[in-house]
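Everything on this sheet refers to the single structure shown next.
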Amino acid sequence: MSSLTDNRPAAGYYRKLTYNDIAQFRDHLVRLDPIARRARFAMPASDAFLRCYADTSFTLGTVIHGYFSEGVLRAVAELRPFEDGASAEAAFSVEPCCQQTGIGTRLMELTLIAARNRGCQHIYMNCLATNRAMQQLARKFTADLTFEMGDIIGRIEPRNFSAFSLVREGLADMFGMIGALMDGPRKPMGS
């Protein structure tokens with residue numbers, strides 16, 4: 001088993017998560033250190049809160065993409081639609097071993113394609129003023145960053161969906177499933 005060092009994760013793959021991934025999603029959130037938890041949720045988050053959050057995430061119409069390394073979910077991008085259907089929030093959680101490696105950028109690309117194909121016209125990213133990595137990610141995709149009540153808010157307007165964007169999402173889904181099949185079943189951590 002190779003290790004994740006020097007901010008270079010082992011080869012991995014990206015795919016959409018389903019309800020069957022709830023345990024992996026929960027484990028990923030619980031592995032986040034206090035700094036990463038605060039960066040993701042803008043508050044301290046207990047293990048109990050994270051378990052509850054994971055349990056409800058798949059019931060809200062959320063599209064969740066994940067990055068897997070050696071069969072373990074290490075990073076997540078969530079696209080949470082608002083009630084109007086035209087707006088959504090994008091949120092990210094990346095374990096320290098995978099930060100500053102380009103994984104967040106790829107997850108954002110997948111999130112934007114999913115948003116386009118679901119008719120989303122406005123995506124909001126709420127970044128803590130101290131979360132420079134998230135601000136850099138937002139800047140890659142929009143110049144519309146504003147300072148509001150101590151946070152940096154990024155606003156992204158995805159292009160309209162097209163046949164090409166539908167094909168791109170379908171291909172990403174297919175390659176994600178191939179990655180999962182090639183990765184094969186893993187022993188539980190600690191075995």
Side-chain angles (χ1 to χ4, degrees), residues 1-17 21-47 49-51 53-54 57 62-80 88-115 123-148 150-156 158 172 175-176 179-180 183 186 189-190:
M1 179 195 248
S2 66
S3 63
L4 302 174
T5 59
D6 301 325
N7 281 356
R8 286 178 285 155
Y13 59 93
Y14 302 84
R15 72 171 173 81
K16 278 186 194 142
L17 303 186
D21 298 306
I22 196 166
Q24 282 252 38
F25 184 45
R26 184 182 323 115
D27 292 347
H28 159 70
L29 292 174
V30 170
R31 277 193 305 272
L32 295 174
D33 63 28
I35 294 168
R37 290 179 184 198
R38 179 155 172 66
R40 166 59 187 89
F41 294 100
M43 64 179 191
S46 68
D47 287 357
F49 170 83
L50 295 174
R51 286 185 193 99
Y53 179 86
S57 289
T62 304
V63 178
I64 304 173
H65 287 92
Y67 169 77
F68 291 81
S69 178
E70 298 179 343
V72 179
L73 181 62
R74 296 291 184 181
V76 169
E78 301 170 60
L79 179 68
R80 291 186 168 268
E89 176 188 14
F92 299 80
S93 55
V94 180
E95 294 180 25
C97 62
C98 293
Q99 292 176 1
Q100 302 297 316
T101 61
I103 291 169
T105 299
R106 180 62 183 143
L107 286 170
M108 175 61 105
E109 291 167 350
L110 294 169
T111 299
L112 289 175
I113 292 168
I123 298 175
Y124 296 92
M125 294 174 61
N126 190 0
C127 313
L128 293 176
T130 57
N131 190 347
R132 300 284 185 225
M134 191 67 169
Q135 292 169 37
Q136 289 173 343
L137 179 61
R139 278 190 191 93
K140 287 181 183 181
F141 294 92
T142 186
D144 188 5
L145 297 176
T146 57
F147 188 77
E148 297 179 18
D151 293 339
I152 307 295
I153 307 296
R155 290 177 183 81
I156 302 170
F175 283 113
D183 202 34
R186 297 282 177 180
M189 291 183 75

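Just so you know, these numbers come straight off a predicted model, no measurement behind them.
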Checklist line | Note: Arg80-Glu89 ion pair, threshold 4.0 Å (strictly below) | finding: no
Note to self: For Ile103 and Tyr14: C-alpha separation, side-chain torsions, deciding distance, then whether side-chain contact (heavy atoms from CB on, under 4.5 Å) applies.
What the structure shows: CA-CA 9 Å; Ile103 291 169; Tyr14 302 84; 3.6 Å; yes
Notebook entry, point to check: Do the rings of Phe41 and Phe49 sit parallel, tilted or perpendicular, given the 30° and 60° boundaries?
Noted result: perpendicular
Check: Hey, does Val94 have a side-chain heavy atom less than 4.5 Å from the side chain of Tyr67?
Finding: no
Notebook entry, point to check: Do NZ/NE/NH1/NH2 and the carboxylate oxygens of Asp21 and Arg15 come within less than 4.0 Å?
Noted result: yes
Note to self: Rounded at 0.5 Å granularity, tell me how far OG in Ser93 sits from CZ in Arg74.
What the structure shows: 12.5 Å
Next item on the list: To the nearest 0.5 Å, tell me how far Arg51 CZ sits from Arg26 CZ.
Entry: 8.0 Å
Item checked: Validation row: Phe92, Glu78 side chains within 4.5 angstrom (heavy atoms) -> no
Notebook entry, point to check: Between CZ of Phe25 and CG of Leu73, what distance do you get to the nearest 0.5 Å?
Noted result: 8.0 Å
Check: What distance separates His65 NE2 from Thr111 OG1, expressed to the nearest 0.5 Å?
Finding: 6.0 Å
Next item on the list: List the steps and the verdict of side-chain contact (heavy atoms from CB on, under 4.5 Å) for Leu112 and Ile123.
Entry: CA-CA 9 Å; Leu112 289 175; Ile123 298 175; 3.4 Å; yes
Checklist line | Least distance between heavy atoms, Leu107 atom then Ala75 atom | finding: CD1-CB, 3.8 Å
Check: For the atom pair CG (Leu79) and CD1 (Ile64), what is the distance rounded to the nearest 0.5 Å?
Finding: 10.0 Å
Note to self: Regarding Asp47 and Arg37, does a basic nitrogen lie under 4.0 Å from an acidic carboxylate oxygen?
What the structure shows: yes
Notebook entry, point to check: How many angstroms lie between atom CG of Asp33 and atom CZ of Arg38, to the nearest 0.5 angstrom?
Noted result: 13.0 Å
